[in-house]
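Following: one structure in structure tokens, then a few remarks.
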Protein chains: 2
Amino acid sequence: MKVLIVEDDQFHSTFVQEALVEALPEVTEIVHAANGAIGEDEARRGEIDAIVMDLQMDQRNGIEAARSIWAERPQSRILFWSNYADDAYLRGIAHIVPEDSAYGYVLKTASRARLKLALRAVLVEGQIMVDREIHRLQRRGTSLRTRLDDSEFNVLIDLALGLQDKLIAERRGMSLRTVQNRLISLYEKLGVISEFDDEVTLNKRVRALNRALVTRTINIETLETAHRDLETWLAGR
Amino acid sequence: MKVLIVEDDQFHSTFVQEALVEALPEVTEIVHAANGAIGEDEARRGEIDAIVMDLQMDQRNGIEAARSIWAERPQSRILFWSNYADDAYLRGIAHIVPEDSAYGYVLKTASRARLKLALRAVLVEGQIMVDREIHRLQRRGTSLRTRLDDSEFNVLIDLALGLQDKLIAERRGMSLRTVQNRLISLYEKLGVISEFDDEVTLNKRVRALNRALVTRTINIETLETAHRDLETWLAGR
DNA sequence: AGAGTTGTTGCGGGTTCCCGCAAGATTATT
DNA sequence: AATAATCTTGCGGGAACCCGCAACAACTCT
């Protein structure tokens, strides 16, 4: 069994390697890649279907790499291994994971035992496994009704890019007023108003982006990839 | 000589420790702290003046910790050791470093030799040392005229918080129109317009925040601390 | 089937934003 | 000291934003 480790941090990379050899005796070969682009190459060339993937990387992040890897070989099993429990990452993964594949998500703060468990469950057994810690963090402050639905999330992305209402309406196929309704519920769910708004009134759009970032609903990488998506959409319009 | 390592990542922490014992034989004791708050305590209790400080930490980040440590013991020598070359961090440090103290800034991607060099230069020799790599990254795309001055940076912070022009004017002691002028130059320097603006017009404020984040002029921690600052300012108004 | 809840859309208007124009004030240059 | 360049400030207006109101449509629950 060949395993690919995609991780740009030297220390973390060797840590995963050690955990791998300890936990999975069936591993015969371990390949390293220092960023997403190299990782894609290695997976393609080596026909590797078991991957441990960091999410934050300079050149090309883990989600993008995973998407193209899964596009070519949907049966690949990928264990994501990340510093943060950002909602944006989970959402990104949920959108690209194929039906018949296995994946997992483990925080880097998890114990070595937990990592080993996830390695076996995902890479060998083909299970789906998400670190409990992530759900705990993710639900923090989100009292059931505060979680964004997909439509709201899309509008949030467009807002974050700086699109104005009319453009969002066109891009998402809604009427102008509907977009504005979405914005209103966004403002509520993100807590744009409830802060110290009795004293001062704020710019809601900016505040929404601010809150979305601080609550880890989106992150800077989200902005970067969303920007690229926007460019392609603008090109073919 | 006692040295304090403030770092929440286990691997990085031991890596620094190893580099320390190799590079500085004069070190007699090494203390670890897993976040900024603990770090402050340890520095105070142990009367430690040589510190290696991570910047990204959950509880209390490195800049805040450094500020309060320097407030009590301005002669402390602190080597900052970070994953990113964000402008926000450099700016934050530049604002709080006392006249008569030594500090340094090294990227985690630097070689072990470079780290050792910085350890000696800052902690032992009391020099000021900033990784060359940082200046290279920092100037990326900033062609001399694109760098924000302090006044523009302040307005950017307020914008990012969602304050509207009138409030910014009050907080920063400018007239309304002056704030708006600052905003215009902000928009230019951040490249708000120059993108694909011939096709679509964007919401400048949101776009400014977006660009500021993507260009690493500010980061999410900046937003969080700025929010606390705003709260105290609002309280005593 | 009927009633209630939720989502979509248009209209209208108050507010904020963005910025051109122009008159002082300040700073830099020679 | 004189001139130029830059910064600050006020005014005014077009555009975008935010949202209350109200009419439908769609969906749920009994």
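Side chains are part of it too, since the values below use all heavy atoms of this structure and drop only hydrogens, waters and symmetry mates. Below, read A as the first sequence line, B as the second, and so on, with proteins coming before strands; counting in each chain starts at 1.
Side-chain proximity of Tyr187(B) to the nucleotides dC18(C), dC19(D), dT8(C) is greatest for dC18(C). Closest to the Asp165(B) side chain, of the nucleotides dC7(D), dT9(C), dC17(C), is dC17(C). Each of dT9(C), dA16(D), dC18(D) was ranked by its minimum atom distance to the side chain of Met174(A); first place goes to dT9(C). In the set dC18(C), dA16(D), dG10(D), dC18(C) carries the atom at the smallest distance from any side-chain atom of Lys204(B).
Rounded to an integer number of Å, the gap from CD of Glu188(A) to C1' of dT6(C) is 14 Å.
Checked by atom type, the side-chain pair Asp86(B)/Asn219(B) shows a donor-acceptor distance below 3.5 Å. In the model, Ser101(A) has no side-chain atom that pairs as donor or acceptor with a side-chain atom of Gln75(A) under 3.5 Å.
Taking five base pairs at each end of the helix from dA1(C)-dT30(D) to dT30(C)-dA1(D), the local helix axes there meet at an angle of 40°, rounded to 10°.
Taking side-chain N and O atoms only, Arg182(B) has a distance below 4.0 Å to OP1 or OP2 of dT8(D). Proximity of Thr178(A) to the phosphate of dT9(C): a side-chain N or O atom is located under 4.0 Å from OP1 or OP2. Dashed line: the shortest gap from a side-chain N or O of Arg205(B) to OP1 or OP2 of dT16(C) is not under 4.0 Å. Distances shorter than 4.0 Å separate none of the side-chain N or O atoms of Gln180(A) from OP1 or OP2 on dC18(D).
The base of dG24(C) has none of its N or O atoms less than 3.5 Å from a complementary donor or acceptor on the side chain of Arg177(B).
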Please list every donor-acceptor pair under 3.5 Å in which a side-chain atom of residues 150-159 of chain B meets a protein atom from a residue at least two apart or in another chain.
{"residue": "Asp150(B)", "atom": "OD1", "partner": "Arg91(B)", "partner atom": "NH1", "Å": "3.4"}
{"residue": "Ser151(B)", "atom": "OG", "partner": "Arg182(B)", "partner atom": "NE", "Å": "3.4"}
{"residue": "Ser151(B)", "atom": "OG", "partner": "Arg182(B)", "partner atom": "NH1", "Å": "2.5"}
{"residue": "Glu152(B)", "atom": "OE1", "partner": "Asp149(B)", "partner atom": "N", "Å": "3.0"}
{"residue": "Glu152(B)", "atom": "OE1", "partner": "Lys189(B)", "partner atom": "NZ", "Å": "3.0"}
{"residue": "Glu152(B)", "atom": "OE2", "partner": "Ser185(B)", "partner atom": "OG", "Å": "2.9"}
{"residue": "Glu152(B)", "atom": "OE2", "partner": "Lys189(B)", "partner atom": "NZ", "Å": "3.4"}
{"residue": "Asn154(B)", "atom": "ND2", "partner": "Asp150(B)", "partner atom": "O", "Å": "3.4"}
{"residue": "Asp158(B)", "atom": "OD1", "partner": "Arg171(B)", "partner atom": "NH1", "Å": "2.7"}
{"residue": "Asp158(B)", "atom": "OD1", "partner": "Arg172(B)", "partner atom": "NH2", "Å": "3.0"}
{"residue": "Asp158(B)", "atom": "OD2", "partner": "Arg172(B)", "partner atom": "NE", "Å": "2.9"}

